[in-house]
Amino acid sequence: MAYTGEVLNYGMAKKAATRKVIPRFKSRVRRRTFFKEWRKKREMTLEQAAEAAGMTAGNLSAMERGAQGFTQDGLEALADVYKTSPGWLLDVDPTKDDSFMPIWERAKPGERQMIIDLAKTVVKTGT
């Protein structure tokens, strides 16, 4: 902004100082993740998982509680440590028996292909 030669007085400065700044993004509740459930499923301590993923135990603990966000790099590192996909860390609770994950994990490679083919048929035909 170019200087116009206008002298600011106290009233003008006070008015500018009381203007509210509207944040770009409104604060919202973080979406539920399953970081802790995956760590427990893999029978790892907080310290073991954090070290293997290249982060501190404090950071991982905060991520598990939803008190801290995560980066794509952190998400991928945890997925590698827990031997799953980044998407499943966010969306799949590995402790639930009605989840697809326990079935998939127990299946052998040939069985996994059968599961995929069967799922495609069910979706396509509805039976």
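Along the sequence shown, residues carry numbers from 1. Predicted model only: the values in this text are computed from it and were never measured.
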**Asked** Which atom pair, heavy atoms only, marks the closest approach of P86 to A79?
**Response** N-CB, 3.6 Å

**Main-chain N/O of T121 paired to T125 side chain as donor or acceptor, under 3.5 Å** = yes

**Which atom of M63 lies closest to which atom of G69, heavy atoms considered** = CG-O, 3.6 Å

**For I115, side chain to side chain contact (heavy atoms under 4.5 Å, CB included) partners two or more places apart** = F100, I103, W104, A107

**Prompt:** Once you round to the nearest 0.5 Å, how far does NZ of K83 lie from NZ of K41?
**Reply:** 13.5 Å

**Prompt:** Which residues satisfy the side chain to side chain contact (heavy atoms under 4.5 Å, CB included) test with K40, sequence neighbours excluded?
**Reply:** K36

**Prompt:** Of F70, F34, W38, which is the lone residue that meets side chain to side chain contact (heavy atoms under 4.5 Å, CB included) with L89?
**Reply:** W38

**Message:** Let me confirm one number: the CD1-CD distance from I116 to Q113, rounded to the nearest 0.5 Å.
**Reply:** 4.5 Å

**Request:** Applying side chain to side chain contact (heavy atoms under 4.5 Å, CB included) between T33 and each of D91, L78, D93, L90, report the one that passes.
**Result:** L90

**Item:** Lys/Arg N to Asp/Glu carboxylate O, R32 vs E37, below 4.0 Å
**Value:** yes

**Asked** Looking at side-chain heavy atoms only, is the closest gap between M44 and V81 below 4.5 Å?
**Response** yes

**Message:** Donor-acceptor check, side chain of E76 to backbone of D73, threshold 3.5 angstrom: yes or no?
**Reply:** no

**Request:** Evaluate side chain to side chain contact (heavy atoms under 4.5 Å, CB included) for Q48 paired with R39, printing each intermediate quantity in order.
**Result:** CA-CA 9 Å; Q48 290 169 332; R39 178 173 59 79; over 6 Å; no

**Asked** Does S61 offer a backbone N or O that forms a donor-acceptor pair with the side chain of E64 under 3.5 Å?
**Response** no

